[in-house]
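Below, chains carry the letters A, B, ... as their sequence lines are ordered, and counting in each starts from 1.
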Amino acid sequence: MNIKEEVRNFLSRFVGDKTFEDSDNIFENGLANSLFAMQLVIFIENNFGVTMQNEDLELENFKDVNSIVALIQSKLN
Amino acid sequence: MNEIGIKTIGIIGAGVMGSGVAQRFAKYGYDVILIDISQDILEKSINSVNRNLMIDNMMNKEKTDVKKVLSRITTNVDYQALKDADVVIENIPEVIDIKKEVYIKLDEFCKESCCFLVNTSCISITEIASNTHRADKIIGVHFMNPVPMQKFSEVIKGFYTSEETIQRIQQFLISAEIDCTVINDSPGFVSNRLSHIFMNEAANLVLEGVAEPEQVDKIFTEGFHHKMGPLHTADLIGLDTVVNSLKILYDSYQDPKYRCSPLLKKMVDAGLLGRKTGKGFFKY
């Protein structure tokens with residue numbers, strides 16, 4: 001499974017039966033709370049072995065699948 | 001110092017709950033002394049508070065001054081650091097013998113006027129208080145996880161808890177925007193006597209192959225309109241804590257309805273503790 005598929009799998013557990021595109025803003029899709037954001041950050045760190053720094057914790061980096069994948073890739077490189 | 005005479009708070013236990021309590025009260029201007037058994041645990045706790053505050057800032061329009069909040073939290077491994085604490089909030093695991101030892105030490109090191117808040121979801125406040133010489137100043141406060149986000153707690157009056165202590169602690173909680181309801185002491189109180197029946201039986205349903213974890217929770221979220229199903233709740237609390245609480249309920253009431261599900265025990269033995277280890281009934 002590639003990074004995008006793993007991220008989509010994780011998110012799909014939270015959005016239920018709703019469909020979402022890679023560019024859809026997930027925080028406008030009913031997921032706009034801190035608890036979800038914490039789970040998302042923990043998932044990224046545990047699953048991809050990367051560490052988020054304070055400066056990474058910007059909404060822009062997590063707003064949609066494409067942004068999350070880009071953030072993970074930048075951390076892996 | 002505010003009108004209820006509380007400025008400095010001691011917090012025992014820097015795990016998920018203790019860190020959350022520290023974050024909450026430091027955010028509302030209190031000086032916090034966080035105590036645990038090792039510097040390593042304390043360092044992890046401070047890192048998690050920092051992380052959670054940063055995530056909060058990311059998600060909320062209203063921004064918190066992270067450095068300022070962190071500067072209000074000091075850490076220590078020595079109970080003597082609590083000599084000036086006005087209130088101590090204890091958050092160690094739900095194991096009665098460990099808690100008793102802690103209260104004997106607190107009673108020795110803390111000033112006479114200091115109130116002790118037992119952050120427990122099931123242990124009798126009256127029993128805890130019997131290990132101190134200040135039973136009137138001991139009160140149960142069942143903070144809900146995640147503490148920094150919750151606006152409600154279950155407050156438990158022990159047999160000897162004074163009316164003055166109840167009122168003081170109610171005002172203290174309100175000062176951090178935590179509402180509460182005060183109930184009488186009984187192991188498990190209202191919350192756990194009900195919730196642990198749900199969580200335990202949900203685990204048994206999974207064990208028996210009646211339903212998958214997703215299905216069990218869906219019936220609660222979609223059918224009963226609960227915000228979270230019992231298995232997600234168990235994962236959030238931590239399955240080790242759930243097992244410990246069930247043991248206390250079982251021991252207290254000697255009633256088989258609280259007998260722990262073998263699946264819960266097995267998952268704890270396998271290190272599948274829920275959100276805090278990344279895997280429980282669900283993967284995180």
Side-chain angles (χ1 to χ4, degrees), chain A residues 1-19 24-72 74-75, chain B residues 16 19-20 23-24 27 44 46-67 69-70 144-151 212-215 217-218 220-222 227-229 231-233 235-237 272-284:
Chain A
M1 209 186 308
N2 65 29
I3 295 174
K4 187 175 276 187
E5 281 169 339
E6 288 196 50
V7 170
R8 284 193 64 90
N9 268 356
F10 175 81
L11 295 176
S12 62
R13 291 211 294 272
F14 290 87
V15 298
D17 298 333
K18 288 181 208 161
T19 56
D24 284 351
N25 189 321
I26 56 170
F27 295 110
E28 287 168 4
N29 216 348
L31 294 176
N33 69 59
S34 296
L35 183 57
F36 165 72
M38 278 176 210
Q39 288 178 320
L40 177 58
V41 171
I42 291 167
F43 160 76
I44 293 170
E45 290 191 328
N46 291 348
N47 224 52
F48 302 102
V50 297
T51 304
M52 294 290 140
Q53 304 298 332
N54 284 352
E55 57 271 22
D56 297 319
L57 298 173
E58 296 289 340
L59 213 48
E60 275 299 297
N61 288 331
F62 299 93
K63 69 180 191 303
D64 54 32
V65 174
N66 289 335
S67 306
I68 296 168
V69 171
L71 175 66
I72 296 166
S74 75
K75 289 273 156 195
Chain B
V16 174
S19 302
Q23 179 180 330
R24 180 80 180 218
K27 189 177 170 183
K44 279 186 187 146
I46 295 296
N47 287 340
S48 84
V49 171
N50 173 59
R51 162 70 55 92
N52 291 343
L53 288 166
M54 294 296 296
I55 291 174
D56 264 352
N57 276 352
M58 179 172 90
M59 299 302 294
N60 298 315
K61 278 184 190 147
E62 210 175 297
K63 306 295 178 197
T64 301
D65 185 336
V66 176
K67 275 189 186 161
V69 173
L70 288 174
M144 312 279 170
N145 190 15
V147 184
M149 290 164 61
Q150 298 284 1
K151 294 195 176 298
E212 294 296 321
E214 291 82 5
Q215 295 176 296
D217 275 14
K218 198 170 184 180
F220 272 73
T221 53
E222 301 298 315
K227 276 189 184 164
M228 198 184 276
L231 296 174
H232 269 108
T233 307
D235 275 358
L236 179 64
I237 294 170
L272 307 178
L273 306 184
R275 236 168 59 107
K276 61 185 167 188
T277 56
K279 199 172 178 197
F281 285 100
F282 303 94
K283 202 177 163 198
Y284 300 91

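Residue B/K276 places its NZ atom among more than 12 non-hydrogen atoms of other residues, nucleotides or ligands, all under 6.0 Å distant. Other residues, nucleotides and ligands contribute over 12 non-hydrogen atoms within 6.0 Å of the NZ atom of B/K63. Annotation: B/K44, atom NZ; neighbour count of heavy atoms from other residues, nucleotides and ligands within 6.0 Å does not exceed 12. Heavy-atom neighbours of A/E55 CD from other residues, nucleotides or ligands within 6.0 Å: above the threshold of 12.
Shortest non-hydrogen contact noted between B/M58 and A/L57 is SD-C, 3.4 Å. Heavy atoms only, all atoms of each residue included: A/Q39 and B/R275 are closest at CG-NH1, 3.1 Å.
Heavy atoms closer than 4.5 Å to chain A are found nowhere in B/N57, neither backbone nor side chain. There is no contact between A/Q53 and chain B, counting heavy-atom distances below 4.5 Å. Heavy-atom distances place no part of A/N61 under 4.5 Å from chain B, backbone and side chain included.
The CE atom of B/M54 sits 12.5 Å away from atom CE of A/M38, with the distance rounded to the nearest 0.5 Å. One distance of note links CE of B/M59 with CZ of A/F36; it measures 8.0 Å at 0.5 Å rounding. To the nearest 0.5 Å, atoms NZ (B/K283) and CG (A/N46) are separated by 9.5 Å.
Counting heavy-atom pairs closer than 4.5 Å to chain B, the top residue among A/L59, A/V41, A/N54 is A/N54.
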